[in-house]
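Each chain gets a letter, A, B and so on, in the order the sequences are listed, and its residues count up from 1.
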Number of protein chains: 2
Amino acid sequence: MRTELLDAAKALLWEGGYERMSPRKVLERSGAGQGSLYHHFPTKRALAAAALVEVERELVESAERVLGGDAPPLDRVRAWLALERNGLKGCRLGRLANEVEVLGSDELRSALAGYFNRVLALLTATLSEAKERNELRASAAPADLAAALVALVQGGYVLSRALANEKLISRATRGAMSLLDAAAHSSSRSRSD
Amino acid sequence: MRTELLDAAKALLWEGGYERMSPRKVLERSGAGQGSLYHHFPTKRALAAAALVEVERELVESAERVLGGDAPPLDRVRAWLALERNGLKGCRLGRLANEVEVLGSDELRSALAGYFNRVLALLTATLSEAKERNELRASAAPADLAAALVALVQGGYVLSRALANEKLISRATRGAMSLLDAAAHSSSRSRSD
DNA sequence: GTCTATAGCTCGATAGAC
DNA sequence: GTCTATCGAGCTATAGAC
């Protein structure tokens with residue numbers, strides 16, 4: 001039952017965020033009875049925190065899969081940019097970054113911080129490697145570029161949702177691809193323009 | 001009194017979003033009495049919609065001020081990227097793009113859509129101009145680059161808030177600056193690296 | 001135009017039987 | 001471990017006096 005509660009919480013957090021995720025809805029969705037939620041978790045927040053830890057792990061694994069390989073660094077960055085993303089559903093963690101109750105609770109916010117810090121570190125390392133290999137122009141600081149790319153994906157979700165247009169996020173990542181190609185030395189450009 | 005109600009709504013929408021903006025809080029903040037809200041506006045949503053129209057106008061004006069001048073196009077884009085932004089407070093419109101009730105109401109969402117469409121159009125036009133002047137490499141489609149830049153700013157807010165670190169958004173825009181410089185032909189680079 | 005009072009609902013959480 | 005019942009609070013909105 002604990003598993004069903006967590007799965008229901010994960011689904012509701014994705015669909016509506018933390019503040020809309022009511023214990024009642026979790027119970028309905030999971031098929032659990034009223035008593036069982038507060039048997040397995042002391043508070044709504046504890047349930048959400050446990051759910052977000054799992055989401056964090058899932059998203060980190062997915063990022064490590066593309067960014068952690070031994071392919072040429074810029075290809076890994078391109079592969080990360082090209083990951084399948086549903087612009088209208090939003091990022092499962094990033095969508096929570098505007099909720100007062102999430103930002104006000106270290107327990108909840110740490111899932112977001114853990115994920116973003118990990119992705120930023122992976123991208124920074126990958127971009128540094130590209131720079132060492134002389135595949136990336138020196139003017140760009142890897143940490144700044146990493147922040148730019150992660151932000152771009154998160155903002156792509158925002159744009160897609162605000163304009164109710166699934167295409168916006170891929171337009172944004174395509175734009176990022178172009179900029180990255182322009183910042184790459186020609187020796188590393190294996191893709192067609 | 002209508003003005004005070006709108007100002008209170010604008011402040012609350014910025015601080016906590018639409019779903020947290022309760023009529024009670026609007027009344028407290030504005031100093032108005034209970035009856036006056038529903039005298040001036042039929043519903044909470046109508047009040048929020050009116051407030052968001054004003055916010056949209058303010059943000060559009062600010063974007064037009066930097067992007068609409070007659071300076072060299074890439075300088076205008078750089079000036080827009082360099083605008084002062086409080087990463088921890090979030091974008092007054094973009095922060096609403098994850099709220100179910102906002103996305104589910106055309107009345108509310110249209111403020112977000114209006115703003116983002118306008119900024120995308122301005123940036124696309126400016127980048128097209130840069131391309132015509134041969135100041136920007138041809139591989140980049142202006143509409144894609146515009147989406148990338150707007151997304152990057154919106155995602156910068158997300159990162160800053162998720163990591164509780166004001167610097168993230170400026171790190172992201174600095175990274176964008178680097179990428180833009182790399183995509184610019186050297187003839188247009190007036191800034192030091 | 002603004003007041004007080006309150007409707008009907010959902011919220012997060014708890015009590016106590018089984 | 002799960003059940004039913006319910007608490008006190010806040011929610012959006014309405015009623016009716018002034």
Give the nucleotide from the list D:dT2, D:dC11, C:dT2 with an atom nearest to the side chain of B:K25.
D:dC11
For atom CE of B:M21 and atom P of D:dC11, their distance in whole Å:
11 Å
Presence of salt bridge, A:D181 and A:R78, under 4.0 angstrom:
yes
Pull out every residue in residues 99-107 of chain A that has a heavy atom closer than 4.0 Å to any atom of DNA chain D, ordered by number, or say none.
none
Any side-chain N or O of B:S36 below 4.0 angstrom from OP1/OP2 of C:dG1?
no
Would you call B:E28 and B:R24 a salt bridge, using N to O less than 4.0 angstrom?
no
Sidechain N-carboxylate O distance under 4.0 Å for B:R45, B:E101:
no
Between A:R161 and B:N98, is there a side-chain heavy-atom distance shorter than 4.5 Å?
yes
Connected via hydrophobic side-chain network under 4.5 Å: A:V60 and A:W14:
no
Measure from CG on A:L12 to P on C:dG12 and round the result to the nearest Å.
11 Å
Any salt bridge linking B:K25 with B:E15? Criterion: basic side-chain nitrogen under 4.0 Å from a carboxylate oxygen.
no
Gap between atoms CD and C1', on B:E19 and C:dT10 respectively (whole Å):
14 Å
Ignoring backbone atoms, establish whether A:S22 has a side-chain N or O less than 4.0 Å from OP1 or OP2 of C:dT10.
no
How long is the line joining CD of B:E28 and P of D:dT12, in whole Å?
12 Å
From CG of B:L37 over to P of C:dT4, roughly how many Å is that when rounded to an integer?
15 Å
If a protein heavy atom is under 4.0 Å from the base, mark B; if only from the sugar-phosphate, S; if neither, -; do that for nucleotides 13-18 of chain D going 5' to 3'.
BB----
Rounded to whole angstrom units, what separation is found between the CD atom of A:E4 and the C1' atom of D:dT2?
14 Å
Got a salt bridge between B:R118 and B:E56, using NZ or NE/NH1/NH2 to carboxylate O under 4.0 Å?
no
Strictly below 4.0 Å, N to O, side chains only: are A:K10 and A:E58 in salt-bridge contact?
yes
OP1 or OP2 of D:dT2 less than 4.0 angstrom from a side-chain nitrogen or oxygen of A:H40, does that happen here?
yes
Mapping B:G33 and A:R20 onto DNA chain C by nearest heavy atom, which one lands closer to the 5' end?
B:G33
Value for CE (A:M177) from CG (A:L149), rounded to nearest 0.5 Å, stands at 10.0 Å
